[in-house]
2 protein chains.
Amino acid sequence: MQEQTDPPGEPNPGLVSTAIQAITQHIRSEGLAPGDPLPSEAAMTRQLNVSRTVVREAFRSLSAMRLIDMSAGRRATVAKLDTGAMSMVIEHGITTQQISVQQVYDVRRTIEMRTVALAALRRTDQEAAAIAQSARQMRENFRNPEAVMEHDIAFHEAIAAASHNPVFSLIVTAFSGVTRRTWVIGWRTRSSDEAQLKMIKGHEDIADAILKGDPRLAAEHMAEHFDKSVKALIDAGIA
Amino acid sequence: MQEQTDPPGEPNPGLVSTAIQAITQHIRSEGLAPGDPLPSEAAMTRQLNVSRTVVREAFRSLSAMRLIDMSAGRRATVAKLDTGAMSMVIEHGITTQQISVQQVYDVRRTIEMRTVALAALRRTDQEAAAIAQSARQMRENFRNPEAVMEHDIAFHEAIAAASHNPVFSLIVTAFSGVTRRTWVIGWRTRSSDEAQLKMIKGHEDIADAILKGDPRLAAEHMAEHFDKSVKALIDAGIA
DNA sequence: AATAACAACCTATCATACAGGTTTTGAGGG
DNA sequence: CCCTCAAAACCTGTATGATAGGTTGTTATT
């Protein structure tokens with residue numbers, strides 16, 4: 001097998017890349033939606049005239065990016081929008097010191113100034129309640145930093161969701177991993193109960209502004225929140 | 001081989017996922033920088049006590065996300081920050097209709113309002129020149145839409161680069177693919193030469209503001225540019 | 001008609017083989 | 001002693017075949 005060469009346009013992008021393109025192309029041309037099944041590996045093998053090894057590596061790559069879902073016995077399916085790949089890129093940038101935590105916070109500030117304003121304008125009552133509840137749970141679990149952090153993250157993701165723009169959600173969620181790695185540092189610099197409660201109060205102010213539907217006020221509180229967070233990180237010596 | 005089971009904590013996330021984690025973990029723990037070599041597939045095979053197939057699929061997955069570089073004969077190396085994976089996620093969202101072009105433009109507007117302001121503050125003279133040159137080339141190739149588009153994209157990426165925050169660059173570049181698919185539509189709605197030249201003038205205004213180091217003016221021109229672009233897309237019926 | 005065993009299909013993983021690249025090494029010549 | 005260059009060692013890319021185990025639809029039994 002494998003005598004019939006592809007049209008000799010490009011020299012060698014590798015068979016796997018070709019297969020990946022073929023699969024994404026298939027999704028596009030068939031107009032597949034999340035949940036729809038893809039061809040089996042065997043079918044793809046025949047169609048592309050390559051070994052199953054190549055097809056498998058292609059599927060696996062798409063699965064790693066969370067563009068498709070795979071599981072044993074079942075055919076692969078088109079995946080719902082997921083932040084998996086983006087998170088890994090950001091994490092990679094951080095661990096290889098190509099980007100700094102502060103740079104990530106700069107971007108977060110830019111984006112969340114917007115999501116919070118949009119949330120104030122577009123939130124449903126249910127979304128406003130979810131946001132407020134995350135803030136409340138931060139206060140309730142006040143003695144458990146781990147829990148405060150998770151509710152903090154959920155708070156920001158809930159705001160992004162209330163912006164009703166999934167691209168914002170995608171980006172904000174992609175940054176959550178970085179937050180998980182640095183959050184405690186910021187928390188520790190707020191050494192007194194008072195300072196910590198003030199930070200939680202900041203979240204409640206944001207939630208209130210969203211509930212009131214006041215985008216300007218919400219953005220103001222968010223800006224303040226980020227300025228303090230960044231300051232905390234800098235004080236702690238995070239580059 | 002393969003009798004010695006992993007500590008039976010998790011049931012079965014799949015050997016490949018485990019391998020992927022092992023590799024990223026290796027990068028982290030060894031403090032590898034871009035260009036540094038990773039262990040060979042054979043070495044990884046021994047270390048993880050799995051077949052080469054599994055290790056290969058893990059490497060290939062990371063390569064698809066552009067976290068590592070692979071090429072025949074050479075060992076894989078840690079990759080420089082690249083937008084590959086992010087682009088694919090966005091594209092996937094668009095083709096599966098989970099996000100709309102307009103939503104992407106909303107995010108772009110938010111981000112580029114910021115990058116342009118930062119560029120005005122932080123740009124080097126060389127960066128200002130590169131931005132101005134892209135604008136100039138848009139005008140010079142005015143009769144060739146394809147060329148105008150590429151210079152337009154380069155213009156925005158140059159501004160992101162001049163913000164001196166690679167995360168912004170990453171995101172802006174990730175959106176370029178979407179731009180390539182919709183740009184022409186916007187261009188066509190500017191039916192007269194006059195309207196098209198006005199759009200190019202908008203870019204020159206932005207470049208000037210950056211050169212002058214005026215972040216407020218730069219952001220204003222950028223906002224105007226995006227408002228017109230979005231309007232053009234909506235006029236053309238892009239949801 | 002409900003259900004349980006089964007067949008067909010599919011993915012997960014392993015082992016092996018061979019065809020090219022790339023790097024290392026070492027022998028021979030200057 | 002150093003340079004050169006070709007063989008050797010190592011590495012990735014792809015193909016093939018085999019087995020285990022999960023999923024699903026079908027059929028035979030009750």
Tell me: [atom1] of [X] to [atom2] of [N], nearest whole Å?
X: B:Arg56; N: D:dC11; atom1: CZ; atom2: P; answer: 14 Å
X: B:Asp69; N: D:dG13; atom1: CG; atom2: P; answer: 12 Å
X: B:Phe59; N: D:dC11; atom1: CZ; atom2: P; answer: 11 Å
X: A:Leu38; N: C:dC9; atom1: CG; atom2: P; answer: 20 Å
X: B:Glu41; N: C:dA15; atom1: CD; atom2: P; answer: 15 Å
X: B:Ile23; N: D:dT12; atom1: CD1; atom2: C1'; answer: 14 Å
X: B:Glu57; N: C:dC14; atom1: CD; atom2: C1'; answer: 11 Å
X: B:Leu15; N: C:dC14; atom1: CG; atom2: C1'; answer: 10 Å

Using the test side-chain hydrogen bond (donor to acceptor under 3.5 Å, both in side chains), find all partners of [X] that sit at least two apart in sequence or belong to another chain.
X: B:Asp152; answer: B:His156, B:Trp183, B:His203
X: A:Ser63; answer: none
X: B:Arg181; answer: B:Glu91

Between A:Gln126 and A:Thr124, do the side chains contain an N or O donor and an N or O acceptor separated by less than 3.5 Å?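 Per modelled atom types, A:Gln126 and A:Thr124 side chains form no pair under 3.5 Å.
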Side-chain donor-acceptor pairs under 3.5 Å in residues 25-35 of chain B, sequence neighbours left out?
residue: B:Ser29; atom: OG; partner: B:Gln25; partner atom: O; Å: 3.1
residue: B:Ser29; atom: OG; partner: B:His26; partner atom: O; Å: 3.4

Partners meeting side-chain contact (heavy atoms from CB on, under 4.5 Å) with B:Ile234 (sequence neighbours left out): B:Gln102, B:Val230
Under 3.5 Å donor-acceptor pairs involving side-chain atoms of residues 77-90 of chain B, not counting sequence neighbours:
residue: B:Asp82; atom: OD1; partner: B:Gly84; partner atom: N; Å: 2.5
residue: B:Thr83; atom: OG1; partner: B:Leu170; partner atom: O; Å: 2.9
residue: B:Thr83; atom: OG1; partner: B:Ala174; partner atom: N; Å: 3.2
residue: B:Ser87; atom: OG; partner: B:Thr83; partner atom: O; Å: 3.1

Distance under 6.0 Å and angle within 45° of the ring axis: does A:Arg108 meet both against A:Tyr105? yes
Using a heavy-atom distance cut-off of less than 4.0 Å, which residues of residues 26-35 of chain B contact DNA chain D?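 None - not one residue of the stretch has a heavy atom sitting under 4.0 Å from the strand.
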Closest listed nucleotide, where the reference is the side chain of B:Met70 and the choices are C:dC14, C:dT11, D:dG13: D:dG13
So, is A:Ser51 close to the D:dT14 phosphate, meaning a side-chain N or O under 4.0 Å from OP1 or OP2?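 For D:dT14, OP1/OP2 do not have a side-chain N/O of A:Ser51 under 4.0 Å.
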Starting at the 5' end of nucleotides 16-22 of chain C, put B wherever the base has a protein heavy atom under 4.0 Å, S where only the sugar-phosphate does, and a dash everywhere else. -B---BS
With sequence neighbours excluded, residues passing salt bridge (Lys or Arg N to Asp or Glu O under 4.0 Å) with B:Glu41: B:Arg52, B:Arg56
